[in-house]
Amino acid sequence: MINEIINEYKAFSQVRAIAFGGSGAAKTYDKMSDIDTYVFVEHDIPVSERENIVKKYSTKYEVGGEYFGSGDEFFADKLGQQLDVMFWNTEWFENTIKNVWEKHYPSNGYTTCFLYTLKNFDIKYDPKGWLKNLQSKIDSPYPKELQDNIIKRNMMLMKDKPFASYYEQIEKAVKRNDENSVNHRVSAFMASYFDVLFAKNELLHPGEKRLVNFALKNCGILPGGFEENISKLYDAQSAKKLEILGVMVESLRKIL
């Protein structure tokens with residue numbers, strides 16, 4: 001059934017490559033996991049034509065959603081699984097990889113997530129080798145300049161900026177008793193925290209899920225109290241979170 005669905009997308013002239021990603025490609029999926037399907041297009045496929053495909057296989061679907069980029073989600077009735085089909089523009093994807101791996105541009109957390117996705121693709125259709133060639137470009141040592149840029153930017157964001165660091169924003173939110181703002185900024189802080197940690201270990205960032213387990217399994221260098229501090233952080237009251245975050249920054253700084 002899944003090959004039949006892939007063949008439907010292969011028939012479009014706009015399609016340059018198709019790959020599975022996410023937990024399915026990484027072999028870490030469970031019964032709650034979707035089948036993440038990446039369809040690389042040179043031009044948009046009309047939504048009506050995408051819907052014609054989906055309706056053949058599903059009675060429960062959402063086509064044309066733009067919430068997280070162009071994509072369709074549907075439950076394949078006979079397969080018994082949900083497919084998350086993402087349509088990525090080839091030029092945009094090429095530039096994204098180039099900006100990070102070759103130009104060494106850092107982000108506010110998650111800098112190398114698209115590279116991790118690319119590296120772990122299970123390629124299903126790539127007649128001209130375009131996607132395989134992109135994979136080969138990042139099959140090289142982790143760039144030192146990229147590592148330095150990620151660490152510098154995200155350490156600044158966490159606490160080192162003289163104004164409006166995440167730490168300072170959390171401190172103000174605690175004083176205002178603004179729990180929503182505390183949680184929002186703690187999430188941003190942790191995104192930068194893991195970006196620094198993975199860069200230090202020359203690892204591509206795997207995304208948002210199961211990061212503690214990924215770090216424990218793959219990072220040869222971890223800050224002191226790594227797992228304990230994160231556990232305490234999410235159990236603590238807002239005022240206590242600030243103290244724990246300060247400890248986490250200093251523990252991270254010691255391994256850099």
Side-chain angles (χ1 to χ4, degrees), residues 1-97 110 112-139 203-214 217-218:
M1 165 87 48
I2 193 66
N3 289 330
E4 187 177 331
I5 294 173
I6 290 173
N7 287 336
E8 297 271 12
Y9 292 110
K10 284 166 56 176
F12 288 107
S13 61
Q14 299 97 319
V15 174
R16 192 165 182 181
I18 301 172
F20 288 160
S23 56
K27 309 304 181 187
T28 59
Y29 58 88
D30 55 36
K31 62 182 181 180
M32 295 181 288
S33 300
D34 303 336
I35 301 175
D36 291 336
T37 307
Y38 296 81
V39 179
F40 290 92
V41 296
E42 295 179 335
H43 305 285
D44 291 341
I45 300 172
V47 172
S48 60
E49 295 182 26
R50 287 156 41 186
E51 185 171 13
N52 288 337
I53 292 176
V54 172
K55 289 165 67 174
K56 293 180 184 180
Y57 301 96
S58 176
T59 54
K60 182 181 180 182
Y61 58 84
E62 182 180 23
V63 174
E66 297 288 340
Y67 305 104
F68 309 104
S70 181
D72 304 329
E73 295 178 272
F74 62 97
F75 187 85
D77 298 331
K78 292 183 179 180
L79 192 62
Q81 282 187 279
Q82 181 173 317
L83 273 73
D84 186 0
V85 183
M86 289 153 277
F87 299 92
W88 282 4
N89 179 271
T90 53
E91 183 179 2
W92 165 80
F93 191 63
E94 286 177 350
N95 288 334
T96 298
I97 302 307
Y110 306 108
T112 57
C113 281
F114 284 118
L115 297 173
Y116 181 90
T117 300
L118 171 62
K119 184 179 180 66
N120 289 280
F121 271 148
D122 179 7
I123 299 175
K124 296 300 181 183
Y125 175 69
D126 189 25
K128 296 184 179 180
W130 169 79
L131 193 53
K132 188 66 179 176
N133 182 57
L134 280 182
Q135 279 187 327
S136 68
K137 286 185 177 181
I138 65 169
D139 188 19
L203 294 171
L204 302 179
H205 195 308
E208 298 175 333
K209 301 174 184 175
R210 295 173 275 205
L211 294 184
V212 173
N213 289 340
F214 181 88
K217 183 178 179 180
N218 295 283

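Side-chain atoms of Asn218 come within 3.5 Å of backbone N or O of Phe214 as a donor-acceptor pair. A donor-acceptor contact shorter than 3.5 Å is absent between the side chain of Asp84 and the backbone of Asp34.
Here the straight-line distance linking atom OH of Tyr125 with atom CG of Asn7 works out to 10.0 Å at 0.5 Å rounding. The distance from atom CG of Asn89 to atom CZ of Arg16, rounded to the nearest 0.5 Å, is 10.5 Å. The distance from atom CD of Gln135 to atom CG of Leu115, rounded to the nearest 0.5 Å, is 11.5 Å. For the atom pair CD (Glu49) and CD (Gln14), the distance works out to 7.0 Å, reported to the nearest 0.5 Å. One finds the CD1 atom of Ile5 at 8.0 Å from the OG1 atom of Thr37 (value rounded to the nearest 0.5 Å). Residue Leu134 holds its CG atom at 5.5 Å from CD of Glu94, rounded to the nearest 0.5 Å.
Heavy atoms only, all atoms of each residue included: Gly80 and Phe75 are closest at C-CZ, 3.5 Å. Nearest heavy atoms, Leu211 versus Pro206: CD2-CG, 3.7 Å.
Within the 4.5 Å cutoff, no side-chain heavy atoms of Val63 are placed close to those of Phe74. In this structure the side chain of Tyr61 never reaches within 4.5 angstrom of the side chain of Asp72, judged on heavy atoms. Here the side chains of Met86 and Asp36 are in contact, with some heavy-atom distance below 4.5 Å. Two residues are said to be in side-chain contact when any heavy atoms from C-beta on lie closer than 4.5 Å; Ile97 and Lys137 fail this criterion. Residues Thr117 and Tyr38 are in side-chain contact: their nearest non-hydrogen atoms beyond the backbone lie under 4.5 Å apart.
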Mind running side-chain contact (heavy atoms from CB on, under 4.5 Å) on Tyr67 and Glu62 for me, showing each step along the way? CA-CA 11 Å; Tyr67 305 104; Glu62 182 180 23; 3.1 Å; yes

From CA spacing to verdict: ring-ring contact (aromatic ring centres under 6.0 Å, His included), Phe121, Phe40: CA-CA 12 Å; Phe121 271 148; Phe40 290 92; 5.8 Å; yes

Worked verdict on His205 versus Tyr110 for ring-ring contact (aromatic ring centres under 6.0 Å, His included): CA-CA 6 Å; His205 195 308; Tyr110 306 108; 5.1 Å; yes

Quick one: do Ile2 and Leu83 satisfy side-chain contact (heavy atoms from CB on, under 4.5 Å)? Show the steps, please. CA-CA 10 Å; Ile2 193 66; Leu83 273 73; 3.8 Å; yes

Full working for side-chain contact (heavy atoms from CB on, under 4.5 Å) between Leu131 and Leu118: CA-CA 8 Å; Leu131 193 53; Leu118 171 62; 3.8 Å; yes

Stepwise, does the side-chain contact (heavy atoms from CB on, under 4.5 Å) test hold for Tyr57 with Lys78? CA-CA 7 Å; Tyr57 301 96; Lys78 292 183 179 180; over 6 Å; no

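Atom CD of Glu91 has 12 or fewer heavy atoms from other residues, nucleotides or ligands within 6.0 Å. By the 6.0 Å contact criterion, CD on Glu42 is enclosed, its count of non-hydrogen atoms from other residues, nucleotides or ligands being greater than 12.
Between Phe93 and Trp88, the two ring planes are tilted [angle within 30° to 60°].
Taking 4.0 Å as the cut-off between side-chain N and carboxylate O, Asp126 and Lys132 do not count as a salt-bridged pair.
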